[in-house]
A.B. asks: 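Sending over a structure as structure tokens; questions will come in a sec.
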Amino acid sequence: MKKLKTRLIALTKFSLICLAFFVFSPSLKAHAMFSDTTNINMGIQLKLGTVSLASENTTISNAVNFTEGDSVLMASSTLANDGSLSGKLAYKIDVTKDNGTLLTVEEIKDMSVIVNFGTVAKEVMASAAFLNTNSFTFAKNTSGSAVIIEPSSIGKVPVTIRYKSSSPKKGEELKVTVTFRLIQSNAADANAELFSDEETLANTVTLVPKVIEEKSYWPDISTFVKAGHGNYTYSVEKMKMLFSETNNMTNPNKRYIKNLNKAVVYIQLPSNEPLTKQIIKKNGTKEIKQMFNISKLSTGNTAIKYESMELDEEHHGMILTFKLEDSYSYNPDKPEDSLAYENKDRYELNLNIEIQKYGMYEAEKYGYYDNSHTYDQYFATRLVLSSDTDVLVSGANYAQLPIKLTTDKKLLSFKNFYTTSPQYVKPGDFKDVQLTKENIELEVIGEKSGQISSLLNSNKTFSLWLNSNETLDTAVLNVKILGDAGNTLVISRTLKNGTSSSTNAATTQSTSIKSMSALMIVEETEEPTEQAIGSEKSVEVPDSAIDKATPDEQAVDSSIEESDAEQVTDEAEVVEETKETVDSSSVESAAESIKKTDQSAPVEPINNE
């Protein structure tokens, strides 16, 4: 019994220990495996495909020029989605210069690019804030949603690109580029790195400012003077000419003298008298009749010809235009025969005008109205080069002197005569001429012309120099000037070696420029600016003397073979006036130079066109 009790107690303790172990020991994970499938519809459909943008029927406008006002068409096309997935349409606009650099905000502030999407999307007018941003923007429809282009032909979008500016700059060329982007339809940002494709339309536009038609020129009222009876006034403010010889294509010994610029008389008629009037004739027919006409007109010089008359309704007056036409034959065997014409300094004008008025005394007839008269001894003056004033000798006329060159640049300018005594012409009798819009061409021809360089300067002068010290024999400079009268004047001079210059000067001239042109125009003034050649720092001083003798001084023996004491005294006066250093040996050199010039034939301009 005692053993049984002991076993029961032992069994109970073991049971309690097992129970405690089970209760207090950590639990273990349980695993279960099963296999099954099911389909749940969540409203999402996944597809594989492409996003691709193409352009069709593209037209790039030719020669796009923008002036002002309405925009100009640059390009047109049709955008199509040739992929398999729909996509959102976006765009960006860039404006660049010729070299490809983007314009700044300041440079594009006055321009805009217009992109039209037809009825598919709102038209875009991109100004400075939306140009060159390097960022795409979604095209929006009328409801404000992004434009979706469906695949195939379902969603084609027509586009046109136009340009406009409120202040175009002359001659500026700009390239306008519009880049279209098709991006996957779930894109929230047009610039996102998602599936996309791009298409570009670009063209160049030339900006030309609007041409504002200038009012026809009319002189200031202060320049008008009364006619004989005061029925009209007239102005001769523009009645001045510059002249020279012209090219002759046929006869090398025939010289034609013509004007560079137009000469014009302006006649102001009373505002209460009509310029034209409808006339009913006796037979009942109607006719527009000009109320005033020129009944008599003379210039006092056969070389000065009346060219045309036109009514100026804007200023209620008449405009009379004149031209200069003269010619002479040059005999190479007897150059002195043409010396007077060759050295002709000016043409005088003795202008008489008579005007008649329709119905002045009797119906259907013109009667005397008024007349005017003006005299101008400097109506037309010859255009020459500043080099022609370098050497002058007592008793000699103006001479078309050879131009002496060295390896230093020789600066030359344009001048004209302004003297009543060409036989005693002095450097002070040549006046500066400002050319600002004429077409001027420098042409060097003849033997060794390649040794001579020429350059038109921005200050309306030109320079010549030698590339070496080689002797020049037959080189000729032709200065061709096309004026507003339509004539091409030619100033032709032979080129000679001058004094040798420094080695450094010789090495600085390396390029040879034989022919060039620039734009200039005659600046017409009532009186040419008075400036003696002695004050022109730009003209080089030659080795020959400049004679400034007065008519009274010409009473002295005009022989130039010797230099006596009186001549030295005269030359000293020249030195003082021109501020140049000259000695008596220079006078002898000048005498020999002019003597040879008078005995030799002037060089005929050569036309190599």
Side-chain angles (χ1 to χ4, degrees), residues 47-66 69-96 100 102 108 111-127 129-165 173-207:
K47 292 183 180 181
L48 295 177
T50 58
V51 174
S52 180
L53 183 64
S55 57
E56 302 173 355
N57 304 319
T58 300
T59 301
I60 305 298
S61 302
N62 293 326
V64 179
N65 296 317
F66 180 80
D70 294 337
S71 58
V72 290
L73 179 65
M74 299 191 68
S76 63
S77 185
T78 299
L79 299 178
N81 183 350
D82 63 354
S84 59
L85 300 177
S86 61
K88 289 182 179 179
L89 180 63
Y91 65 89
K92 71 171 183 175
I93 304 172
D94 297 317
V95 184
T96 64
L102 294 175
I108 61 177
M111 65 180 65
S112 58
V113 178
I114 300 98
V115 182
N116 186 283
F117 299 96
T119 59
V120 180
K122 292 181 179 179
E123 183 179 83
V124 174
M125 182 175 288
S127 55
F130 299 96
L131 300 176
N132 298 347
T133 61
N134 196 30
S135 178
F136 285 94
T137 302
F138 284 124
K140 300 293 183 67
N141 57 27
T142 54
S143 63
S145 301
V147 173
I148 303 292
I149 305 181
E150 300 295 339
S152 302
S153 60
I154 300 175
K156 291 186 177 181
V157 179
V159 293
T160 59
I161 301 170
R162 307 183 71 88
Y163 175 91
K164 71 177 302 181
S165 173
E173 288 192 354
L174 303 177
K175 185 177 181 180
V176 177
T177 303
V178 180
T179 305
F180 297 97
R181 190 183 202 201
L182 188 65
I183 189 169
Q184 61 189 67
S185 58
N186 64 334
D189 182 359
N191 300 284
E193 295 293 332
L194 300 175
F195 293 112
S196 65
D197 192 21
E198 296 177 3
E199 192 74 13
T200 298
L201 292 180
N203 199 0
T204 300
V205 59
T206 300
L207 306 185

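For this chain, numbers begin at 1 and follow the sequence in order.
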A.B. asks: Strictly distance-based, threshold 3.5 Å: is any side-chain N or O of N203 a donor or acceptor partner for the main-chain N or O of M74?
C.D. replies: yes
A.B. asks: Which residues pass the side-chain hydrogen bond (donor to acceptor under 3.5 Å, both in side chains) test with S196, sequence neighbours left out?
C.D. replies: R181
A.B. asks: My understanding is that only residues two or more places apart in sequence, or in another chain, count here; which of them pass side-chain hydrogen bond (donor to acceptor under 3.5 Å, both in side chains) with K92?
C.D. replies: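 side-chain hydrogen bond (donor to acceptor under 3.5 Å, both in side chains) list for K92, sorted by chain: N134.
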A.B. asks: Check residues 141-148 and write down every donor-acceptor pair under 3.5 Å in which the side-chain atom is one partner and the other belongs to a residue at least two apart or another chain.
C.D. replies:
from : atom 1 : to   : atom 2 : distance (Å)
N141 : OD1    : S143 : N      : 3.1
N141 : OD1    : S143 : OG     : 2.7
N141 : OD1    : G144 : N      : 3.1
N141 : OD1    : S145 : N      : 2.9

A.B. asks: For N186, check side-chain hydrogen bond (donor to acceptor under 3.5 Å, both in side chains) against everything at least two apart and list the hits.
C.D. replies: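 Residues passing side-chain hydrogen bond (donor to acceptor under 3.5 Å, both in side chains) with N186: Q184.
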A.B. asks: Got a sec, which residues hit side chain to side chain contact (heavy atoms under 4.5 Å, CB included) with N191, two or more places apart in sequence or on another chain?
C.D. replies: S135, F136, D189
A.B. asks: Under a 3.5 Å threshold, yes or no: a donor from one side chain and an acceptor from the other, between D82 and S52?
C.D. replies: yes
A.B. asks: Checking S71 now: which residues fulfil side-chain hydrogen bond (donor to acceptor under 3.5 Å, both in side chains) with it, not counting sequence neighbours?
C.D. replies: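 For S71, the residues satisfying side-chain hydrogen bond (donor to acceptor under 3.5 Å, both in side chains) (neighbours in sequence not counted) are R162.
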A.B. asks: With sequence neighbours left out, what residues match T137 under side chain to side chain contact (heavy atoms under 4.5 Å, CB included)?
C.D. replies: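 Expected list: Y91.
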A.B. asks: Who are the side chain to side chain contact (heavy atoms under 4.5 Å, CB included) partners of T58, not counting sequence neighbours?
C.D. replies: S55, I60, S77, L201
A.B. asks: Looking only at atom types and distance, does a side-chain atom of N132 sit under 3.5 Å from a main-chain N or O of V95, one as donor and one as acceptor?
C.D. replies: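 Yes; judged by distance alone, with no hydrogens or angles, the pair exists.
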A.B. asks: Looking at residues at least two apart in the chain, or sitting in another chain, which of them share a side chain to side chain contact (heavy atoms under 4.5 Å, CB included) with T119?
C.D. replies: none
A.B. asks: Mind checking ring pair (Phe, Tyr, Trp, His ring centres under 6.0 Å) for F66 and listing every partner two or more places apart, or none if nothing turns up?
C.D. replies: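 Testing F66 for ring pair (Phe, Tyr, Trp, His ring centres under 6.0 Å), a comparison that skips the adjacent residues, returns Y163.
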